[in-house]
Each structure stands twice: as structure tokens, then as C-alpha cells.
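Right, one structure below, let's go through it.
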Amino acid sequence: IPVVSMPEASFMAASMSAPRIGLVTLNKLVIPFIEKSISLHKWKERVSGVHLIEGDVSEAELDANFGSPGPYLDRLVSGVRKAIAAGAQAVIPAEGVLGVMAAENGLTEVDGVPVIDAIGTPILFAELAVALKARTGIAQSRVAYPLPSEEARKLLTGLHNGG
């Protein structure tokens, strides 16, 4: 079973679409985590910025108003335009609920700039990982990502089985 990361899969898809990537988020508290991910993945040269959507919107508020997304979609589009003004040529909604709102409402581009489906993209990358393994034998590097120790696997198995 492949393990993929939502940020990494979304960034790879955005990179296939354009050389400069912007990210939009709901909450200023999330920005340091996004910036850490950018640094860890060595994306800094390709990221035009991380942009906060106007207004203080929590994931809980967005989730509660999912059935009437108009004002929130407008804020998201404004955030995407902010990212575009800062040089983004593709934009990633950088939080799960924000990604779901964009995908569920068909927001795939703003002013000709792709908005990456941060929900569907990781699923497609997982499917790609399975196909690559089956067709070419390519899998993750065990040098970069070693298997857990036998002790850790036993512990995880015990936790999974209610132990």
C-alpha cells in the first residue's frame, strides 16, 4: 500500500502545470507548518508565497457552512488572485477542508491559473505508485525510507489488533 503526502502530491502536480507555485490557507497558525514543508521538500525556489485567505475563517466554520459555500469560495478565489499577483502560475489550497471545498465546487482555475485538486491528486498519485510498482518495479527507496524495525512492526501490529 503506497503512502503519499497531500502536500507533496499536490506540489508535484502543480509543478507539472507551472514553474511558480502559490499556496493559500485559512489560518495564519498553519503557515509555519506549510513553510516547514516547503523547506523540507526543497521547494523554496519554486514557491512564490503562502497566502492567507481574507477574514478569520476556521476549518470548523468552513465545514459547518459547506452547504452554502458562496462567501467562502469568493474568499478562496480572492486568495488565489493574491497568490497570482505575487507570481503564482499554479495554486494549491493548502488545507484539507479548503481543498475539498474547491474540488466539490469545481474550482479548477482562476484567471487561467490552475487550482490544484488537493484531494483527488494524492489519490491519483497513490494509484500511480501502484502502477509504477506493477509495471516497472519502481518503489520508494529503502535507503531514504527504511522499513521499521521488527520490534516497531510488532508494536504497530499489536496496536492495530487492539493490543
Side-chain angles (χ1 to χ4, degrees), residues 1-54 56-60 62-63 72 75-149 152-153 156:
I1 299 171
V3 175
V4 298
S5 134
M6 185 172 117
E8 191 168 13
S10 296
F11 188 83
M12 287 189 287
S15 295
M16 291 170 30
S17 299
R20 297 290 292 163
I21 314 307
L23 296 98
V24 294
T25 188
L26 292 171
N27 186 322
K28 65 182 173 196
L29 299 176
V30 177
I31 292 175
F33 297 103
I34 294 170
E35 289 173 341
K36 182 176 182 180
S37 184
I38 290 166
S39 178
L40 287 171
H41 288 93
K42 312 286 188 241
W43 298 334
K44 192 168 178 88
E45 297 300 316
R46 298 211 46 199
V47 173
S48 62
V50 179
H51 306 278
L52 190 59
I53 290 175
E54 291 298 323
D56 192 17
V57 182
S58 69
E59 283 195 17
L62 190 59
D63 191 41
Y72 300 99
R75 288 181 186 177
L76 175 54
V77 169
S78 292
V80 170
R81 285 192 172 121
K82 236 176 21 177
I84 293 168
Q89 299 161 325
V91 178
I92 301 168
E95 287 186 65
V97 71
L98 195 57
V100 170
M101 179 163 283
E104 287 289 315
N105 288 284
L107 184 62
T108 58
E109 66 89 24
V110 173
D111 302 334
V113 171
V115 175
I116 304 304
D117 180 344
I119 305 304
T121 296
I123 293 167
L124 290 170
F125 269 82
E127 291 172 359
L128 173 63
V130 170
L132 281 170
K133 175 72 173 165
R135 294 181 190 164
T136 69
I138 294 174
Q140 69 278 5
S141 166
R142 288 298 170 210
V143 171
Y145 304 108
L147 290 171
S149 68
R153 286 195 299 266
L156 291 171

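Quick caveat, the model's predicted, so the values are computed rather than measured.
Atom CD1 in I38 sits 7.0 Å away from atom CD1 in I34 (nearest 0.5 Å). Separating the CD1 atom in I84 from the OG atom in S78 is a distance of 10.5 Å, to the nearest 0.5 Å. We find the CE-CD1 distance between M6 and I92 to be 9.0 Å, quoted to the nearest 0.5 Å. Expressed to the nearest 0.5 Å, how far CD1 of I123 lies from CG of D117 amounts to 8.0 Å.
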Checklist entry - Going through the checks in order, is the side chain to side chain contact (heavy atoms under 4.5 Å, CB included) test met by V30 and L26? => result CA-CA 8 Å; V30 177; L26 292 171; over 6 Å; no

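When the shell of 6.0 Å around CZ of R135 is examined, it contains 12 or fewer heavy atoms from other residues, nucleotides or ligands.
Applying the ring-ring contact (aromatic ring centres under 6.0 Å, His included) definition to pairs two or more places apart or across chains, none involves residues 96-138.
The nearest pair of heavy atoms linking G79 to H51 is O-CB, 4.4 Å. Pairing each heavy atom of E54 with each of R75, the nearest pair is O-CD, 3.3 Å. When all heavy atoms of N27 and L29 are compared, the closest pair comes out as OD1-N, 2.6 Å. A pairwise comparison of heavy atoms in W43 and P7 identifies CH2-O, 3.5 Å as the closest pair.
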Side chains of residues 97-116: which donor-acceptor partners sit under 3.5 Å, not counting sequence neighbours?
unit_1, atom_1, unit_2, atom_2, d
N105, ND2, M101, O, 2.8
E109, OE1, D111, N, 3.4
E109, OE1, G112, N, 2.6
D111, OD1, R81, NH2, 3.1
D111, OD2, R81, NE, 2.7

Side chains of residues 11-25: which donor-acceptor partners sit under 3.5 Å, not counting sequence neighbours?
unit_1, atom_1, unit_2, atom_2, d
S15, OG, F11, O, 2.9
S17, OG, A13, O, 3.3
R20, NH1, E45, O, 2.7
T25, OG1, E95, OE2, 2.5

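The backbone N or O of L52 sits less than 3.5 Å from a side-chain atom of K82, completing a donor-acceptor pair.
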